[in-house]
Amino acid sequence: MSTNAAIDLALDRVDWRDLAAQTEEQPRVYTPGEVLMPEAGFMRGHGTFVEDENIKSSVAGVIQKVNKLISVRPLKSRYVGEIGDVVVARVSEVQQKRWRVDTNSRLDSILLLSSVNLPGGELRRRSAEDEQMMRRYLDEGDLISAEVQNIFEEGSLSLYTRSLKYGKLSQGILVKVFPALVKRRKMHFHNLPCGASVILGNNGYIWISPTKGQEEEGGEGGFAQNLNEHVPRADREVIARLRNSILALAKCKLMIYDTSIQYAYEESLRYEAHELLQQNAIYDIGQQTQGRLRDADE
């Protein structure tokens, strides 16, 4: 049985005419194996290798020079965490006194039992009984919001959810984008005027959910879930429209933060929710949002 599949070419994923109109001078994109410069007088950094006395690129990206250090920043890469980053992650395994979670990085991250608030939010010593009940708190497949506490030598991350704003996520939808598109801000938890909440993970995982009331937040120490609660159709439509608006921003390679999401959502109101998956609607929303962001900056 044969089926037809529509696959976008790499050249079709970015509107190069729009990009050329944004800046007068475009950065040079180097391909793997391309010569950057002679080795003499320079040191090679990340994304480079030496061959035939020349420094060559090992990834597709933009060259960066810091004094005599030459490196190439890849256009697409896995998440590289920094201390203090807000992440949305999925529990992949329950181990002794720790959970192993997927944060879209090269290595799985670690969430220690001592780094979480137990139900009720009380601070106390973690006992053997708590260790036996770890799967009751967080099980495989659960989605959580957390903060990067430490970075180990091999590059894996240590997370913590000691604040009541972090913890298990309940009803909502997960959107995956490139980590480089999520703009680093002081706040990554936002209640949008349209009636939904978003968590912008620095790791490229974005969580969209109905806005909670103040009486629902923090009551169970970050482990409360409302999986049996009915979400009204209007809220589900808002969440679906936000999800498609964020994907439109990602498709147009625009930075994703609270203002750009709100602008894209307002521009999407001219279309039905299902029409936001069409290419013409995606690029129209991207261009209109980019124009509003440019006007706001000026």
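We count residues from 1, following the sequence as given.
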### Derivation of the side-chain hydrogen bond (donor to acceptor under 3.5 Å, both in side chains) call for Ser109 and Thr103
CA-CA 7 Å; Ser109 303; Thr103 53; 2.8 Å; yes
Interatomic distance, OH@Tyr265 vs OG@Ser245, rounded to 0.5 Å, equals 8.0 Å
Sidechain N-carboxylate O distance under 4.0 Å for Arg90, Asp102: no
side-chain contact (heavy atoms from CB on, under 4.5 Å) with His190: of Ile199, Asp258, Thr211, only one passes, and it is Asp258
Q. Do Asp108 and Val101 touch side chain to side chain, with heavy atoms closer than 4.5 Å?
A. no
Between Pro210 and Val231 the two heavy atoms that sit nearest each other are CG-CG1, 4.0 Å
Separation between CZ (Phe42) and NZ (Lys68), nearest 0.5 Å, reads 5.0 Å
Does any part of the side chain of Arg241, heavy atoms only, come nearer than 4.5 Å to the side chain of Leu269, both counted from C-beta? yes
ILVMFWY cluster, Val80 and Leu69 together (side-chain gap under 4.5 Å): no
Heavy-atom nearest pair, Val177 first then Val182, reads CG2-CG2, 4.0 Å
Discussion item. In this structure, would Phe152 and Trp99 fall into the same cluster of hydrophobic residues linked by side-chain contacts under 4.5 Å?
Written reply: no
Check your understanding: Any chain of hydrophobic side-chain contacts (each under 4.5 Å) joining Val87 to Ile83?
Key -> yes
Kindly indicate whether the side chain of Ser145, heavy atoms from C-beta on, has any atom under 4.5 Å from the side chain of Leu169. yes
In short, Tyr160 meets Tyr166 closest at the heavy-atom pair O-CD1, 4.3 Å
ask   = Can Tyr137 and Asp142 be counted as having a side-chain donor-acceptor contact under 3.5 angstrom?
value = no
- Task: Ignoring hydrogens and angles, tell me if any N or O in the side chain of Ser58 forms a donor-acceptor pair with the backbone of Gly47 under 3.5 Å.
- Result: yes
In this structure, CD of Gln287 is separated from CD1 of Ile282 (nearest 0.5 Å) by 12.5 Å
Q | Arg28 NZ/CZ over Tyr30 ring centroid, <6.0 Å and within 45° of normal | A | yes
ask   = So do Arg243 and Leu276 actually touch side chain to side chain, heavy atoms under 4.5 Å?
value = no
Q.
Atom CG of residue position Asn67 - does it have more than 12 heavy atoms of other residues, nucleotides or ligands inside 6.0 Å?
A. no
Quick check: is Ile206 connected to Phe178 through a chain of hydrophobic side chains (ILVMFWY, heavy atoms under 4.5 Å apart)?
yes
| task | Take Asp139 and Val91, measure what side-chain contact (heavy atoms from CB on, under 4.5 Å) needs, and give me the verdict at the end. | result | CA-CA 7 Å; Asp139 201 358; Val91 178; over 6 Å; no
Q) So Thr289 and Leu249, side-chain contact (heavy atoms from CB on, under 4.5 Å) or not? Walk me through it. A) CA-CA 8 Å; Thr289 302; Leu249 292 175; 3.8 Å; yes
Report yes or no: does Thr48 contribute a side-chain atom to a donor-acceptor pair with the main-chain N or O of Gly45 at less than 3.5 Å?
yes
The complete set of salt bridge (Lys or Arg N to Asp or Glu O under 4.0 Å) pairs with one or both residues in residues 186-204, sequence neighbours excluded, reads none
Heavy atoms of Leu107 and Glu154 approach each other most closely as CD1-O, 3.4 Å
What one should report as the nearest heavy-atom pair of Tyr283 and Cys252 is CD2-SG, 3.8 Å
Tell me whether Glu275 contacts the main-chain N or O of Glu272 through its side chain, where contact means a donor paired with an acceptor under 3.5 Å.
yes
Within the side chain of Glu34, is there an N or O that forms a donor-acceptor pair under 3.5 Å with the backbone of Thr31? yes
Please check if atom NZ in Lys165 has more than 12 non-hydrogen atoms from other residues, nucleotides or ligands closer than 6.0 Å.
yes
side-chain contact (heavy atoms from CB on, under 4.5 Å) evaluation trace for Asp85 with Arg184:
CA-CA 9 Å; Asp85 282 355; Arg184 294 184 179 273; 2.6 Å; yes
Original post:
Considering only heavy atoms from C-beta outward, does the side chain of Asn202 approach that of His188 to under 4.5 Å?
Top reply: yes
Rounding to 0.5 Å, atoms CD1 (Ile144) and CG (Leu159) come to a distance of 6.0 Å
* Asked: Under 3.5 Å, is there a donor-acceptor pair between the side chain of Ser92 and the main chain of Arg100?
  -> yes
Using the rule that two of Ile, Leu, Val, Met, Phe, Trp, Tyr join whenever any of their side-chain heavy atoms come within less than 4.5 Å, decide whether Tyr271 and Val238 are in one cluster.
no
Find out whether Ile261 and Ile246 are in side-chain contact, i.e. whether some heavy atom of one side chain is under 4.5 Å from a heavy atom of the other.
-> yes
Evaluate the side-chain proximity of Val198 to Trp207: yes if any heavy-atom separation is below 4.5 Å, no if none is. no
#### Entry: Main-chain N/O of Ser71 paired with Lys65 side-chain donor or acceptor, under 3.5 Å
no
Here the gap from Asn104 atom CG to Ser77 atom OG, rounded to the nearest 0.5 Å, amounts to 9.5 Å
Steps toward side-chain contact (heavy atoms from CB on, under 4.5 Å) verdict (Gln288, Arg270)
CA-CA 12 Å; Gln288 296 297 328; Arg270 297 183 287 110; 3.8 Å; yes
In short, Leu293 meets Thr259 closest at the heavy-atom pair CD2-CG2, 4.1 Å
dist Ser260:OG -> Leu181:CG (nearest 0.5 Å) comes out at 10.0 Å
With sequence neighbours left out, the residues meeting side chain to side chain contact (heavy atoms under 4.5 Å, CB included) with Met255 are Lys183, Tyr257
In short, salt bridge (Lys or Arg N to Asp or Glu O under 4.0 Å) pairs touching residues 52-63 with sequence neighbours left out are Glu51-Lys56
### Residue pair Ser115 / Gln149, side-chain heavy-atom distance below 4.5 Å
yes
